[in-house]
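First listed ligand is number 1; within each ligand, the first listed atom is number 1. Residue numbers run from 1 in the order of the sequence given.
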Amino acid sequence: MASNAGKRPKVFVTRKDVPQNAIDLLKSSCEITQYDGVGAVPRAVLKERVAEVDGLFCLLTDKIDGDLLDVAKKLKVIGTMSVGYDHIDVKECQKRGVLLGNTPDVLTEATAELTVALLLCTARRLTEAADEVRNGGWGTWNPLWMCGKSLQGSTIGILGLGRIGLSVAKKLLPFEPAKLIYYNRSEQDAAATVNAEYVSMDKLLSESDFLIITCALTTETRQLFNKKTFAQMKNDAILINTSRGPIVCMDDLFEALSTGQIGAAGLDVTDPEPLPTDHRLLTLKNCVVLPHIGSATVATRMRMASLAAENILAGLSGQPLPASIY
Ligand SMILES: O=C(O)[C@H](O)CO
């Protein structure tokens, strides 16, 4: 890449709070502009800035579609600081020859850890129990009070046995489930390492005591959990979603939880995000909602940021992207 300051490529970073290690990396060979407002960059600002740059550092809150790419005449590469890329129209990027990188692997363990934490929290009613301590609901020890459900001897179902799903499965094995089953677009060789059985989606729904969603959001998985699929699940099944909110129909989930069609749900992702504080799901004791923190450890976020920057630098200097989407 040219070291001449006048020829340094331009990169727009869409958020103020991006870890400094990534900014320093980009600054080493690029001219950076960064959105400095609060929260996500407004669409109009993004459109204006993207028109002038060679590289774009974006987040999962930035919608990158054909309309935006139409004005991004100089854009060569996009690095998203996320493993998921459902916010980006991949075909439109490909059509225009814009390179695209994401951040797989570096967040696998953090996200899998959070998934297990949310599963245990929901199964053993931890937030509900802690609330009882605060609000005076803790009376004398009671044989059936605050009883939850154990992983031991259960059937755990995983939808999407990719990197994160597999890591979740590994972390759950020491809890001694009776069975691990999974559904995926295709059978996974790695499933053997966790002794997981490939089953149909129907069987995953009807047999899982715990059903964990770790698949990507695609046209096939959008709203996959709805009235019809909830009706196929066990009445005490626990649903965990740490992938993307729109895979679950929020209204149908409310109905399923409040009518006892399923037992409980733990969500790290919702639709929309943030979930409005007056959303009716938040009135339910059998629903634990977290604010999309699957990958939220400092080290993981720093590594995600640097990988997004490395993707951009590679793309700008004609090198293969360390983590290319296509
Ligand atoms: O896609 C991702 O990277 C997660 O949802 C946020 O870490």
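With respect to the salt-bridge test (charged N to carboxylate O, under 4.0 angstrom), the residues Asp54 and Lys76 qualify.
Counting heavy atoms closer than 4.0 Å to ligand 1, residue Val269 contributes nothing at all. Heavy atoms of Met81 found under 4.0 angstrom from ligand 1: none, in either backbone or side chain.
Shown in contact with Leu107 at under 4.0 Å from a heavy atom are these atoms of ligand 1, numbered in order with element: 3 (O), 7 (O). Atoms of ligand 1 found under 4.0 Å from any heavy atom of Arg244, numbered from 1 in the order shown, are 1 (O), 2 (C), 4 (C), 5 (O). Here is the list of ligand 1 atoms found below 4.0 Å of a heavy atom in Leu60: 5 (O), 6 (C). The distance from ligand 1 to the heavy atoms of His292 drops below 4.0 Å at these ligand atoms: 4 (C), 5 (O), 6 (C). Of all the atoms in ligand 1, the ones that sit under 4.0 Å from a non-hydrogen atom of Met304 are 3 (O), 7 (O). Atoms of ligand 1 found under 4.0 Å from any heavy atom of Ser82, numbered from 1 in the order shown, are 1 (O), 2 (C), 3 (O).
Residue pairs meeting the side chain to side chain donor-acceptor pair (under 3.5 Å) criterion with at least one partner in residues 150-178, sequence neighbours excluded, are Glu109-Ser167, Glu109-Lys171, Gln152-Glu176, Ser167-Lys171.
The protein heavy atom nearest to atom 3 (O) of ligand 1 is Val83 N, 2.7 Å.
Residue Ser295 places at least one N or O, backbone or side chain, under 3.5 Å from an N or O of ligand 1.
For the pair Arg96 and Lys73, the minimum side-chain heavy-atom distance is 4.5 Å or more. For the pair Leu120 and Leu151, the minimum side-chain heavy-atom distance is below 4.5 Å. Residues Met81 and Cys58 fail the side-chain proximity criterion, which asks for heavy atoms closer than 4.5 Å.
Environment of CZ in Arg280: crowded, with over 12 heavy atoms of neighbouring residues, nucleotides or ligands closer than 6.0 Å.
Here the rule is side-chain contact (heavy atoms from CB on, under 4.5 Å) with Ser208, and of Ile181, Val199, Ile156 only Ile181 fits it.
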